[in-house]
S.K.: 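Have a look at this one.
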Amino acid sequence: MTADDSYGRLDDDDYPAYTMGRAAEMLGTSQGFLRAIGEARLITPLRSEGGHRRYSRYQLRIAARARELVDQGTPIEAACRIVVLEDQLEEAQRINAEYRRARESVEPPRED
């Protein structure tokens, strides 16, 4: 990938643009916290050619939510599970809304 290609990917939420140090700094947390949520399998950072962890903006948002829960006193394992369940709920709601829109475009509204 050339430098020009990399610049185009900076808008990509899944592009692993942030080092562990920068990610921790942005979140106001420690690198140990990022390792812990990685060990809990909440996020799996990509690795650079040198083996260094790299995080995407999407992963940083997930980590920020976990940190918010931990800061409120939730154990890290529970916080990670909550974040996963919240994400699954959001996805299910999105899918239900798509089905509803598709059904409404095919069927006229029922008059009760």
Side-chain angles (χ1 to χ4, degrees):
M1 177 181 301
T2 66
D4 289 338
D5 295 337
S6 295
Y7 291 131
R9 301 217 41 211
L10 291 177
D11 289 336
D12 181 353
D13 264 2
D14 295 318
Y15 181 66
Y18 303 98
T19 64
M20 177 180 269
R22 180 69 179 129
E25 180 182 318
M26 290 170 67
L27 295 172
T29 192
S30 68
Q31 293 181 15
F33 175 79
L34 291 173
R35 283 188 203 94
I37 63 174
E39 289 169 10
R41 295 190 177 155
L42 179 61
I43 59 175
T44 303
L46 293 169
R47 298 283 182 152
S48 68
E49 289 180 17
H52 300 283
R53 291 174 179 89
R54 301 285 181 181
Y55 297 89
S56 68
R57 286 188 296 185
Y58 174 73
Q59 289 173 324
L60 294 183
R61 283 195 299 274
I62 291 172
R65 176 62 180 137
R67 177 166 185 246
E68 181 180 302
L69 291 167
V70 169
D71 287 350
Q72 294 172 2
T74 306
I76 196 161
E77 296 82 13
C80 290
R81 184 68 181 136
I82 290 167
V83 172
V84 167
L85 291 171
E86 287 174 342
D87 192 51
Q88 289 172 344
L89 176 60
E90 184 179 322
E91 178 68 7
Q93 289 172 331
R94 185 190 62 73
I95 290 169
N96 284 341
E98 285 178 15
Y99 285 146
R100 224 176 279 115
R101 282 190 298 274
R103 186 184 71 220
E104 289 169 359
S105 69
V106 174
E107 298 176 7
R110 293 188 312 180
E111 296 180 26
D112 294 323

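Just so you know, these numbers use all the heavy atoms, side chains as well, and skip hydrogens, waters and symmetry mates.
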S.K.: Closest heavy-atom contact between R53 and Y55?
M.R.: CD-OH, 3.3 Å
S.K.: Please report the shortest heavy-atom distance between A79 and A66, naming the atom on each side.
M.R.: CB-O, 4.0 Å
S.K.: Can you name the salt bridge (charged side-chain N to carboxylate O under 4.0 Å, His left out) partners of E91, sequence neighbours left out?
M.R.: R94
S.K.: Find out whether F33 and I76 are in side-chain contact, i.e. whether some heavy atom of one side chain is under 4.5 Å from a heavy atom of the other.
M.R.: yes
S.K.: Measure the spacing between CD1 of I37 and CD of Q59 and express it to the nearest 0.5 Å.
M.R.: 8.5 Å
S.K.: If hydrophobic clusters are built from ILVMFWY residues whose side chains come within less than 4.5 Å, do L46 and I43 share one?
M.R.: no
S.K.: Determine whether E104 and R100 satisfy the following criterion, side chain to side chain contact (heavy atoms under 4.5 Å, CB included), listing intermediate values before the conclusion.
M.R.: CA-CA 6 Å; E104 289 169 359; R100 224 176 279 115; 4.0 Å; yes
S.K.: Do side-chain atoms of R65 reach the backbone of I82 as a donor and acceptor pair under 3.5 angstrom?
M.R.: no
S.K.: Quick one: does any side-chain atom of T74 pair with a main-chain N or O of A78 as donor and acceptor, under 3.5 Å?
M.R.: no
S.K.: What distance do L60 atom CG and T29 atom OG1 have between them, rounded to the nearest 0.5 Å?
M.R.: 11.5 Å
S.K.: Below 4.0 angstrom, N of the basic side chain to O of the carboxylate: do E25 and R22 qualify?
M.R.: yes
S.K.: Excluding sequence neighbours, so at least two apart, what forms salt bridge (charged side-chain N to carboxylate O under 4.0 Å, His left out) with D87?
M.R.: none
S.K.: Return the minimal non-hydrogen interatomic distance between L34 and A24, and the atom names on each side.
M.R.: CD1-N, 3.6 Å
S.K.: To the nearest 0.5 Å, what is the distance between CD (E77) and CG (L42)?
M.R.: 11.5 Å
S.K.: Answer yes or no: does atom CD of E90 have more than 12 heavy-atom neighbours from other residues, nucleotides or ligands under 6.0 Å?
M.R.: no
S.K.: The criterion is salt bridge (charged side-chain N to carboxylate O under 4.0 Å, His left out); which residues satisfy it with R35, sequence neighbours excluded?
M.R.: none
S.K.: Return the OH to CZ distance between Y18 and R57, rounded to the nearest 0.5 Å.
M.R.: 5.5 Å
S.K.: Please check: side-chain N/O of R67 versus main-chain N/O of L27, any donor-acceptor pairing under 3.5 Å?
M.R.: yes
